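Order of listing sets the numbers, starting from 1, for every ligand and every atom in it. Predicted model only: the values in this text are computed from it and were never measured.
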Amino acid sequence: MSKEITLTGITTTGTPHLGNYVGAIRPAIDASHNQNVLPFYFLADYHALIKCQEPERIQQSTLEIAATWLALGLDTANAVFYRQSDVPEITELTWVISCVTAKGLMNRAHAYKAAVAENQEAGEKDPDKGITMGLFSYPVLMAADILLFKAKKIPVGKDQIQHLEMARDIAARFNHIYGEHFVLPEAVVREETSVLQGLDGRKMSKSYNNTIPIFAPEKRLRKLIMKIKTNSLEPGEPKDPDTCTLFSIYQAFATPEEVEQLRQRYREGIAWGEMKQFLFEYLNAHFGEARERYEDLLRHPGEIERQLREGAAKAREVAVPFMREVRKAVGIAPLAERG
Ligand code: TRP
């Protein structure tokens, strides 16, 4: 049986936080240990250029994300873990499929439309003010990421569903013109239950500035947890676990028995200070060993680099011959005598 290919990209613009861990990293790492699937996970550094023009930040984020995934136990013997920019066939394919992508399709992309709407609301004369071709053609690069590896299942957040539909559209259009070369990918949308609350109780997200980095050093972790919003109930008063951010974070990590025990303590009126200390100690222990591996990796970026290059070499074993096939399909091939 050939393995089913799943693929996902991580844009290299930030520091991985607990929300990323629960929603995306943990399930992806679990899947990397499943021998029935062949996962392709990559650092989408060319995508990062669309949102971020700070070179140091992109470099640092690439380092942190790679170290995070490795420290958390990604199975690199099974999964192919690479950096997008190390596989030049991705950008080559981007151009080829750009030439079958309707501009009108890209006009409808949410990210582009939101940028235009913002200009209009601000009363700009030019609705495209400040919008780059990178932002506009973002879905084409993403389609190339996916189609190059004939990936079938794409685990993504809700906000990416439209991009997957576009990738399917582009693939179908290419296949219609040039023959069946691409596999049509499907989005596997992450459940809302895997959304973690942030410091202020809203969804933990970089854009709300309410995140807890996975590998925050002990002191900072403690400080952040102490900042989590609670209500004004006094120690001894019964508290509702199901509307409590501290509880919901704990629940994302603890076993059902542990969760039940904590429910009891809420009924008994655990004090907020005590609960915060409890959550801090729990998370600190939960990530303690991985944090040591993470810090060790950050001290040895050469080791990370080695692993990423190994991943890119594996990815290119697929990408190079397939790109040759695609080029040939469109009429770009060495000239040869005809029989
Ligand atoms: N656009 C995705 C995001 O912002 C990241 C990404 C890039 C991606 N290429 C991809 C995800 C390919 C899945 C497949 O989350």
Side-chain angles (χ1 to χ4, degrees), residues 4-17 19-29 31-32 37-52 57-58 61-62 65-66 68-69 79-94 97-98 101 106 109-115 132 134-171 182-190 194-196 203-207 211 311-312 315 318-319:
E4 183 169 82
I5 298 175
T6 71
L7 174 145
T8 203
I10 316 107
T11 308
T12 53
T13 47
T15 296
H17 56 71
N20 300 137
Y21 177 71
V22 170
I25 304 174
R26 186 169 62 187
I29 289 180
S32 79
V37 300
L38 176 56
F40 283 74
Y41 298 143
F42 67 96
L43 306 170
D45 50 357
Y46 279 137
H47 275 103
L49 297 186
I50 296 166
K51 327 189 214 175
C52 175
R57 173 134 165 246
I58 290 184
S61 173
T62 303
I65 295 174
T68 297
W69 285 61
V80 184
F81 186 52
Y82 55 102
R83 189 165 38 195
Q84 186 181 35
S85 59
D86 283 340
V87 182
E89 290 73 23
I90 296 170
T91 41
E92 291 177 22
L93 183 60
T94 302
I97 60 179
S98 283
T101 302
M106 295 300 104
H110 297 318
Y112 172 64
K113 273 174 52 179
T132 64
L135 177 71
F136 186 68
S137 28
Y138 177 117
V140 188
L141 178 59
M142 182 159 159
D145 289 330
I146 296 168
L147 300 178
L148 184 60
F149 297 103
K150 298 193 167 84
K152 204 153 177 195
K153 297 278 166 71
I154 317 296
V156 285
K158 267 207 314 261
D159 59 323
Q160 300 293 317
I161 296 174
Q162 189 196 33
H163 293 150
L164 262 293
E165 281 162 6
M166 290 176 161
R168 287 172 69 87
D169 248 43
I170 294 168
F182 294 132
V183 168
L184 304 198
E186 280 165 43
V188 182
V189 181
R190 288 182 202 117
S194 52
V195 169
L196 198 73
K203 173 186 171 186
M204 191 179 288
S205 161
K206 209 169 43 182
S207 30
T211 66
V318 179

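- Among T6, D145, T11, T12, the residue whose heavy atom sits closest to atom 10 (C) of ligand 1 is D145.
- Ring geometry for F81 versus W69: interplanar angle under 30°, hence parallel rather than tilted (30 to 60°).
- Judged purely by distance below 3.5 Å, without hydrogens or angles, the side chains of S205 and S207 pair a donor atom with an acceptor atom.
- Ligand 1 has no N or O atom lying under 3.5 Å from any N or O atom of H163, backbone or side chain.
- Near T8, with a cut-off below 4.0 Å to any heavy atom, the atoms of ligand 1 are 11 (C), 13 (C).
- Between Y138 and H163, the angle of the ring planes lies from 30° to 60°, which puts this pair in the tilted group.
- For the atom pair K51 NZ and T12 OG1, the distance stands at 9.0 Å (nearest 0.5 Å).
- At least one N or O atom of Y138 sits closer than 3.5 Å to an N or O atom of ligand 1.
- Contacts with ligand 1 closer than 4.0 Å are made by no heavy atom of L141, backbone or side chain.
- Residues L141 and H47 have side chains in contact (heavy-atom distance under 4.5 Å, counting atoms from C-beta outward).
- The heavy-atom pair separating D45 from Q84 by the smallest distance is N-OE1, 3.2 Å.
- The I154 neighbourhood of ligand 1 comprises atoms 13 (C), 14 (C), with distances under 4.0 Å to a heavy atom of that residue.
- Across all non-hydrogen atoms, the minimal contact from A144 to I97 is N-CD1, 3.6 Å.
- With respect to atom 11 (C) of ligand 1, the closest heavy atom belonging to the protein is G9 N, 3.4 Å.
- Contacts between F42 and ligand 1 below 4.0 angstrom, taking non-hydrogen atoms only, involve the side chain exclusively.
- Against a heavy-atom cut-off of under 4.0 Å, L7 is close to the following atoms of ligand 1: 12 (C), 14 (C).
- Backbone and side-chain nitrogen or oxygen atoms of Q160 are examined, and one is located within less than 3.5 angstrom of a nitrogen or oxygen of ligand 1.
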